[in-house]
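Everything numeric here is computed off the predicted structure, so don't read it as measured data. Each chain gets a letter, A, B and so on, in the order its sequence line appears, and its residues count up from 1.
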Number of protein chains: 2
Amino acid sequence: MINPPSLQQLKYLISLAETRHFGQAADACAVTQSTLSAGLQELESRLGAKLVERRKRGAMLTALGQQVVERARHIISEAEALVDLAQAAREPLSGPLKLGVIPTISPYLLPRIMPALRRRHGKLRLYLTEDLSPRIAEKLDAGELDLLLLALPYDLPGAETMALFDDAFLFACRKDHELARANALPPERLNSEPLLLLQDGHCLRDHALAACNLMNRRGAQPFQATSLPTLIQMVDNGIGTTLLPAMAVAAGALKGTGIVTRPVTGAPTPSRTIGLAWRKASPRHDEFRLLGRDIVELSTKAGLTP
Amino acid sequence: MINPPSLQQLKYLISLAETRHFGQAADACAVTQSTLSAGLQELESRLGAKLVERRKRGAMLTALGQQVVERARHIISEAEALVDLAQAAREPLSGPLKLGVIPTISPYLLPRIMPALRRRHGKLRLYLTEDLSPRIAEKLDAGELDLLLLALPYDLPGAETMALFDDAFLFACRKDHELARANALPPERLNSEPLLLLQDGHCLRDHALAACNLMNRRGAQPFQATSLPTLIQMVDNGIGTTLLPAMAVAAGALKGTGIVTRPVTGAPTPSRTIGLAWRKASPRHDEFRLLGRDIVELSTKAGLTP
DNA sequence: GATTTATCATCGGTTTTCTCGATCAAAAAA
DNA sequence: TTTTTTGATCGAGAAAACCGATGATAAATC
């Protein structure tokens, strides 16, 4: 392919079409007449055709020149529109944002903060993906997601994380359970409990065990729940006890059940950390930190975190 | 307005979008990696936003970058289409051609040659304007017409002309006229004739008088016809005699009348010259000369000129 | 017909931009 | 740790764009 016309050359031609005069067109383009003249010659050479009819009394465009000018106007305006596009996109927290969230956060946090978030950032278009940590981590790296909302710590190579707030683990049992009224409940006390946990893959399981310094009991469990609501059902049915994130409880996950919760003692308090993660190289990290602050603020207002 | 992105920069971005790799993208653009890197930085600077997410394992575009690439592809292809447009328009005798013709040529010549012309130059779009010489000359200068078909000589400042063929003047009278069978008819003999002529403005009038070295008889005429058919009607009605272009006679203008014609003697033969004219500055003069040759050839074939 | 004016082309030199090759830094891979 | 990959950066050189002056030519005017 031969050299296409340059935008500058097209501007010269447009200007000439408007003034029908080399000198005036040159002024309008803030260049000298010689520059414009040379530019137009180069343009004609690239297109391989005469566009301008030079006369001693002004210049006029050929039929082809007219057509080229029309298209050129279009091209120039499209090119300039790119600047506007970028300008609009530069506004923080606007445009599409693909967010991955883990299932033990999503249903408790998002419904409480999304309305306010929408109000604050009208141009933000959140695309939500709910999946287990390894899956969304993988998608983050592949560029299919821009941002993760998950529980930390979690090994995310090449990612930068921002801790938002701690989410304590609460011991949950039926109100007729022997520990239902325990005041100080040290983690060790749970070793003898038939703790029910989520199935493998859910980071909640690992975080809960780690936070309380408990062994991994996989295999010893009669059932592994596939979701937190299922787990709660099982506890309510008296199959066992469990550890629940305070956020879920605050969000009303136990409403309508006979389950009570007791805080687990310890220093630090056994908890997981809710946080954001994004690719280190992401140019939107400033936006993400802003969003993080918003989430903290809104979660606190909603009573999900003290 | 800030500097819009350059086409080159957009090409860099497109190439990067396809390869997701600075080095490979640079190769594809036939520049070095450093050049492409600098070009993309300049592009980002002009747009005022990050388009590329640089990672150690290849690069990827931001959401904005994706959008920009899509539009950039469009812009580039439009710019390159201009070359094609010019290429297509460069084919001789194609596209629009605004032709002005005088009324004493138009109805006799055009119907005979237009069909063949259309066959030869399928892409030619002839826009015809029929008017008196001064009017079409004015329009030629104003750029409203590209080409004139008229009778020469005619004063056309700033125009270039091409003579096509001579069109002799024939003496025309009713067949019962005393000169109807004259063999050698010298121009001087016409001085005593009540010659009917077209009204002022028609060049045919001036050409006829000049060719036969006759005085301008305006005012002395009882009637001045407004068109050649009218003039012929008048002669047929016995109001007088006239001089007719041979072309009109050959085209059958006298069919159905009792008019006969006799050649006028003289050296050179009293005649007008049919020719083309265009602005000296017109870049299509080559095309016009081609068209001129076609007209001569087709007119001869049609028997309009010996 | 000579002169002036208007207009665009052209030329040499200068400034700006673009490009290259080499090198550097950082992350990933081995 | 060492090696490899990958993009950023820097200085030098090449290319281009640009300017100002001059030239050429047709039109307008005297």
Side-chain angles (χ1 to χ4, degrees), chain A residues 3-13 15-17 19-46 50-62 65 141 155-160 279-283, chain B residues 3-13 15-17 19-46 50-61 65 137-138 140-142 155-160 278-283:
Chain A
N3 268 352
S6 81
L7 292 183
Q8 183 74 314
Q9 289 163 356
L10 294 183
K11 281 184 186 172
Y12 290 163
L13 185 69
S15 196
L16 184 71
T19 61
R20 300 167 187 281
H21 189 291
F22 275 63
Q24 294 170 29
D27 281 351
C29 293
V31 296
T32 61
Q33 174 264 320
S34 66
T35 296
L36 185 119
S37 178
L40 285 175
Q41 282 184 62
E42 168 71 14
L43 176 61
E44 288 183 323
S45 149
R46 288 193 187 184
K50 282 272 173 203
L51 303 175
V52 182
E53 194 171 309
R54 283 107 168 142
R55 303 196 292 174
K56 288 302 158 185
R57 200 80 193 157
M60 62 182 299
L61 296 191
T62 64
D141 193 59
D155 185 39
L156 291 164
E160 193 172 342
R279 288 183 300 275
K280 263 191 193 128
S282 172
Chain B
N3 268 351
S6 81
L7 292 184
Q8 183 74 314
Q9 289 162 357
L10 295 182
K11 281 185 186 172
Y12 289 163
L13 186 68
S15 196
L16 184 69
T19 61
R20 300 168 187 280
H21 188 289
F22 274 63
Q24 294 170 29
D27 281 350
C29 293
V31 296
T32 60
Q33 173 265 321
S34 67
T35 296
L36 185 119
S37 179
L40 285 176
Q41 283 184 64
E42 168 70 15
L43 176 61
E44 288 183 323
S45 150
R46 288 195 187 182
K50 282 271 171 201
L51 304 175
V52 182
E53 194 171 308
R54 282 109 167 139
R55 303 197 291 175
K56 287 301 159 186
R57 199 77 193 155
M60 60 183 298
L61 297 190
E138 186 184 313
L140 177 70
D141 193 59
D155 185 39
L156 291 163
E160 193 172 341
W278 54 86
R279 289 183 299 277
K280 263 191 194 130
S282 171

Tell me: [atom1] of [X] to [atom2] of [N], nearest whole Å?
X	N	atom1	atom2	value
B/E53	D/dA8	CD	P	13 Å
B/R279	C/dC8	CZ	C1'	17 Å
B/R20	D/dT6	CZ	P	15 Å
A/L16	C/dC8	CG	P	8 Å
A/L7	D/dA17	CG	C1'	15 Å
B/D141	D/dA26	CG	C1'	12 Å
B/R46	C/dT17	CZ	C1'	10 Å
A/F22	C/dT10	CZ	P	11 Å

Less than 4.0 angstrom between a side-chain N/O of [X] and OP1 or OP2 of [N], yes or no?
X	N	result
B/R54	D/dT6	no
B/H21	D/dG7	yes
B/Y12	C/dT19	yes

Whichever of B/K280 and A/Q9 has its nearest DNA chain D nucleotide further upstream toward 5': A/Q9
Contacting residues from residues 32-44 of chain B, given that a heavy atom lies under 4.0 angstrom of DNA chain D: B/Q33, B/S34, B/S37, B/Q41
Beyond-backbone contact of B/S282 with B/E160, side-chain heavy atoms, under 4.5 angstrom: no
Side-chain touch A/D141/A/L156, heavy atoms, less than 4.5 angstrom: no
Donor-acceptor under 3.5 Å (A/T62 side chain, A/K50 main chain): yes
Nearest listed nucleotide, side chain of B/Q8, among C/dT19, D/dC18, C/dA9: C/dT19
Point-to-point distance, once rounded to the nearest 0.5 Å, from [atom1] of [X] to [atom2] of [Y]:
X	Y	atom1	atom2	value
A/R279	B/E53	CZ	CD	4.0 Å
B/L51	B/Q9	CG	CD	10.5 Å
A/L36	A/Q8	CG	CD	9.0 Å
B/L16	B/L43	CG	CG	10.5 Å

Touch class at under 4.0 angstrom, heavy-atom based, for A/A26 against every strand present: nothing
Sugar-phosphate only, base, or nothing, as touched by B/A25 at under 4.0 Å among non-hydrogen atoms: nothing
